[in-house]
Amino acid sequence: MDSATSELSAGPPAFTPLTDSADTGLKIVIVGGFGVGKTTLVRSVSEIRPLNTEEVMTQAGLGIDETAGPTAKSTTTVAFDFGRISLNERLVLYLFGAPGQERFWFLWDRLFTGTLGAVVLVDTRRMSDSWYAIDRLENHGTPFVVAVNRFENDPALFSLREIRQALSLAPHVPLVDCDARVRASGKYVLLSLVNHLRDLTLAREAAP
């Protein structure tokens, strides 16, 4: 994991083909509420052109899809987003952004299958939207980190300590700030997850 971490910290070229030496793919799922920035995060860090399944919300979604409030979105992910970033010549992270709308949550169980770890994106303007994601990951036993996507029009500016308390996060769960639009910030989130997974692995190996 140490060499993988150093490789991830260096910015990839504009286009990176998957090398013949790559033999291990690590699946990472990005979850969170509607409009929290999952699609944006995948787009910002992916070294390939990401696959997106965003569709324009229609009249059929009225009363179901959230079209007002702080998100003010006109599109929604209906399946998943997909991107890729290489850790080194052999290890590759495959990124899956889960849909945030409640009516698509049934897809989450399938996305969690084979997942190495997860990122929970949080919007402090709608903190309660994150509880379901955290609960599902804990029930699946999937390691995760929590990343607070700071929005410019958020007047509250809660501290990480306040957010940890509000989400009832265990002390060992990493909690970091991020800007999903910025590649370096998104890479830092992934680094936090990789380091967390490494620490968990070392702890298990050291256990009697």
Side-chain angles (χ1 to χ4, degrees), residues 1-9 26-38 40-42 44-45 70 85 87 91 93-100 102 105 108-109 111-152 154-208:
M1 284 294 188
D2 288 337
S3 60
T5 298
S6 62
E7 290 291 338
L8 184 56
S9 61
L26 309 177
K27 181 180 178 182
I28 301 298
V29 174
I30 301 170
V31 296
F34 172 68
V36 77
K38 300 179 296 296
T40 301
L41 179 61
V42 173
S44 70
V45 301
I85 185 167
L87 296 179
L91 299 177
L93 276 186
Y94 294 104
L95 310 175
F96 291 81
E102 184 175 352
W105 284 353
W108 286 22
D109 287 332
L111 286 177
F112 288 167
T113 301
T115 297
L116 177 71
V119 174
V120 179
L121 272 185
V122 173
D123 179 353
T124 58
R125 300 168 300 175
R126 298 172 295 129
M127 201 98 69
S128 60
D129 289 358
S130 308
W131 293 341
Y132 179 78
I134 292 172
D135 182 65
R136 290 291 291 274
L137 290 169
E138 290 177 341
N139 287 337
H140 276 264
T142 303
F144 64 94
V145 301
V146 176
V148 182
N149 192 16
R150 298 290 188 177
F151 288 84
E152 295 174 353
D154 180 5
L157 294 178
F158 294 107
S159 68
L160 290 181
R161 181 178 180 181
E162 291 172 321
I163 295 169
R164 182 177 292 277
Q165 292 176 341
L167 297 177
S168 298
L169 288 180
H172 72 276
V173 176
L175 175 64
V176 298
D177 279 318
C178 80
D179 184 336
R181 302 167 300 178
V182 179
R183 181 180 179 83
S185 185
K187 287 166 62 177
Y188 174 71
V189 172
L190 295 177
L191 279 168
S192 299
L193 177 58
V194 169
N195 289 332
H196 180 49
L197 295 172
R198 180 198 60 191
D199 292 342
L200 292 175
T201 299
L202 294 176
R204 284 194 297 266
E205 292 175 350

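Numbering starts at 1 and runs along the sequence shown.
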Rounded to the nearest 0.5 angstrom, the NE2-CG distance for His172 and Asp199 is 11.0 Å
Taking the side chain as every heavy atom from C-beta outward, state whether Leu95 and Val119 have any pair of such atoms under 4.5 Å apart. no
So which atom in Cys178 and which in Leu121 form the shortest heavy-atom distance, rounded to 0.1 Å? SG-CD2, 3.9 Å
Testing the basics here: between Ala133 and Val120, what is the closest heavy-atom pair and its distance to 0.1 Å? CB-CG1, 4.3 Å
Quick one: closest heavy-atom pair of Arg126 and Val36, and the distance? NH2-N, 4.0 Å
Taking the side chain as every heavy atom from C-beta outward, state whether Glu138 and Phe144 have any atom pair closer than 4.5 Å. yes
Drop me the distance from Tyr94's OH to Ile28's CD1, to the nearest 0.5 angstrom. 12.5 Å
At what distance, to the nearest 0.5 angstrom, does CZ of Phe151 lie from CG of Asp179? 8.5 Å
Side-chain donor-acceptor contacts of residues 158-167 below 3.5 Å, not counting sequence neighbours, with atom names and distances?
{"from": "Ser159", "atom 1": "OG", "to": "Glu162", "atom 2": "N", "distance (Å)": "3.1"}
{"from": "Ser159", "atom 1": "OG", "to": "Glu162", "atom 2": "OE1", "distance (Å)": "3.4"}
{"from": "Glu162", "atom 1": "OE1", "to": "Ser159", "atom 2": "N", "distance (Å)": "2.8"}
{"from": "Arg164", "atom 1": "NH1", "to": "Ala170", "atom 2": "O", "distance (Å)": "2.8"}
{"from": "Arg164", "atom 1": "NH1", "to": "Val173", "atom 2": "O", "distance (Å)": "3.1"}
{"from": "Arg164", "atom 1": "NH2", "to": "Val173", "atom 2": "O", "distance (Å)": "2.8"}

Measuring from Leu193:CG to Arg198:CZ, what's the distance to the nearest 0.5 Å? 12.0 Å
Check side-chain hydrogen bond (donor to acceptor under 3.5 Å, both in side chains) between Asp177 and all other residues, then give those that pass, not counting sequence neighbours. Arg150
Lys38 side chain vs Gly33 backbone, donor-acceptor pair below 3.5 Å: yes
Quick one, Asp123 and Asp129 - any side-chain contact, counting heavy atoms below 4.5 Å? no
What is the distance from atom CG of Leu200 to atom CG of Asn195, rounded to the nearest 0.5 Å? 11.0 Å
Do any N or O atoms from the side chain of Asn149 and from the backbone of Ala180 form a donor-acceptor pair under 3.5 angstrom? yes
Using the rule given for side-chain contact (heavy atoms from CB on, under 4.5 Å), can you reason through Leu116 versus Lys27, listing the C-alpha separation, both sets of side-chain angles and the distance that settles it, and then say yes or no? CA-CA 5 Å; Leu116 177 71; Lys27 181 180 178 182; 5.6 Å; no
Determine whether Glu205 and Leu202 make a side-chain contact, defined as any pair of heavy atoms from C-beta on separated by less than 4.5 Å. yes
Pairwise side-chain contact, Val45 with Leu190, heavy-atom cut-off 4.5 Å (strictly under): yes
Distance (rounded to the nearest 0.5 Å) between Ser192 OG and Leu197 CG: 11.0 Å
